[in-house]
Amino acid sequence: MALRGVFHSVFLDGELIVAIEGAFDGVAPDYHRVTEDAFAHGATCVVVDLTRTTAAGAGGYAALAATAASCAARAVRFVLSLPGGIEGEITDPEQIRPMLGDVETWRDSG
């Protein structure tokens, strides 16, 4: 049985803010749809808050890497907020795995 997380999003004045709680992979398809909708409506910044995310596997990594690639191609700012007060601007999909790999709580969740 796959774990399912919950996500909340708001799009205002060109900025998409997404907060994911629980397991990222379970909401990755919905997350992807929301980000693509924001790009279609002229997003200038995407902020993803993962401070309450408990697990991120292949689906979560792939969704974030796709967002990073889309943001880079569109000159859209992409910011990740992680547990422990870590925040960083992502400019390349290759930054996703090393950045998320440092999150201690996800190491044991597969």
Side-chain angles (χ1 to χ4, degrees):
M1 181 171 147
L3 296 175
R4 180 136 174 99
V6 175
F7 82 99
H8 310 278
S9 66
V10 62
F11 182 68
L12 183 63
D13 294 332
E15 185 167 319
L16 173 65
I17 301 170
V18 179
I20 298 170
E21 298 178 28
F24 191 142
D25 288 22
V27 298
D30 295 328
Y31 164 84
H32 179 72
R33 180 187 46 77
V34 166
T35 56
E36 288 303 312
D37 286 349
F39 292 137
H41 288 93
T44 58
C45 182
V46 175
V47 177
V48 179
D49 179 351
L50 301 177
T51 58
R52 294 184 178 191
T53 302
T54 57
Y61 284 89
L64 291 170
T67 301
S70 293
C71 285
R74 294 173 169 90
V76 171
R77 187 168 182 245
F78 180 35
V79 177
L80 283 181
S81 181
L82 303 172
I86 300 168
E87 185 173 290
E89 185 167 352
I90 304 298
T91 58
D92 185 314
E94 295 297 320
Q95 292 175 278
I96 298 296
R97 188 163 294 280
M99 189 168 184
L100 296 186
D102 289 337
V103 178
E104 188 69 34
T105 58
W106 297 344
R107 289 189 180 153
D108 295 329
S109 61

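Quantities reported herein were computed from a predicted structural model and do not represent experimental measurements.
- Between Asp25 and Pro29 the shortest heavy-atom distance is O-CD, 4.0 Å.
- Atom CG of Leu100 and atom CG of Leu50 lie 6.5 Å apart (nearest 0.5 Å).
- Shown are Ile17, Asp13, Leu12; of these, the side chain to side chain contact (heavy atoms under 4.5 Å, CB included) with Glu15 is made only by Ile17.
- Considering only heavy atoms from C-beta on, Phe11 stays 4.5 Å or farther from Val34 through its side chain.
- Heavy-atom minimum distance, Tyr61 versus Ala56: CE1-O, 3.0 Å.
- Atom CZ of Arg74 has more than 12 heavy atoms from other residues, nucleotides or ligands within 6.0 Å.
- Contact record, Phe24 with Gly60: CD2-CA, 3.7 Å, taken as the closest heavy-atom pair.
- Other residues, nucleotides and ligands place no more than 12 heavy atoms under 6.0 Å from the CD atom of Glu94.
- The CZ atom of Phe7 sits 12.0 Å away from the CD atom of Glu21 when rounded to the nearest 0.5 Å.
- The CZ atom of Arg33 sits 8.0 Å away from atom OG of Ser9, with the distance rounded to the nearest 0.5 Å.
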Just distance, no hydrogens or angles: give the donor-acceptor pairs under 3.5 Å from side chains in residues 36-49, sequence neighbours left out.
unit_1: His41; atom_1: ND1; unit_2: Asp37; atom_2: O; d: 2.8
unit_1: Thr44; atom_1: OG1; unit_2: Gly14; atom_2: O; d: 3.2
unit_1: Asp49; atom_1: OD1; unit_2: Thr51; atom_2: N; d: 2.8
unit_1: Asp49; atom_1: OD1; unit_2: Thr51; atom_2: OG1; d: 2.6

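- Of the inter-residue distances, the one linking Met99 atom CE with Ile90 atom CD1 reads 4.5 Å to the nearest 0.5 angstrom.
- Within the model, atoms CG of Asp30 and CD1 of Ile20 stand 10.0 Å from one another, a figure rounded to the nearest 0.5 Å.
- Across all their heavy atoms, Val79 and Glu87 have their closest contact at CG1-CG, 3.6 Å.
- The hydrophobic clustering, which links ILVMFWY residues whose side-chain heavy atoms are closer than 4.5 Å, places Val6 and Leu82 apart.
- Atom CZ in Phe78 sits 9.5 Å away from atom CG in Leu16 (nearest 0.5 Å).
- Pairing each heavy atom of Ala28 with each of Gly59, the nearest pair is CB-O, 3.8 Å.
- Taking the side chain as every heavy atom from C-beta outward, Thr67 and Ile96 never approach each other to under 4.5 Å.
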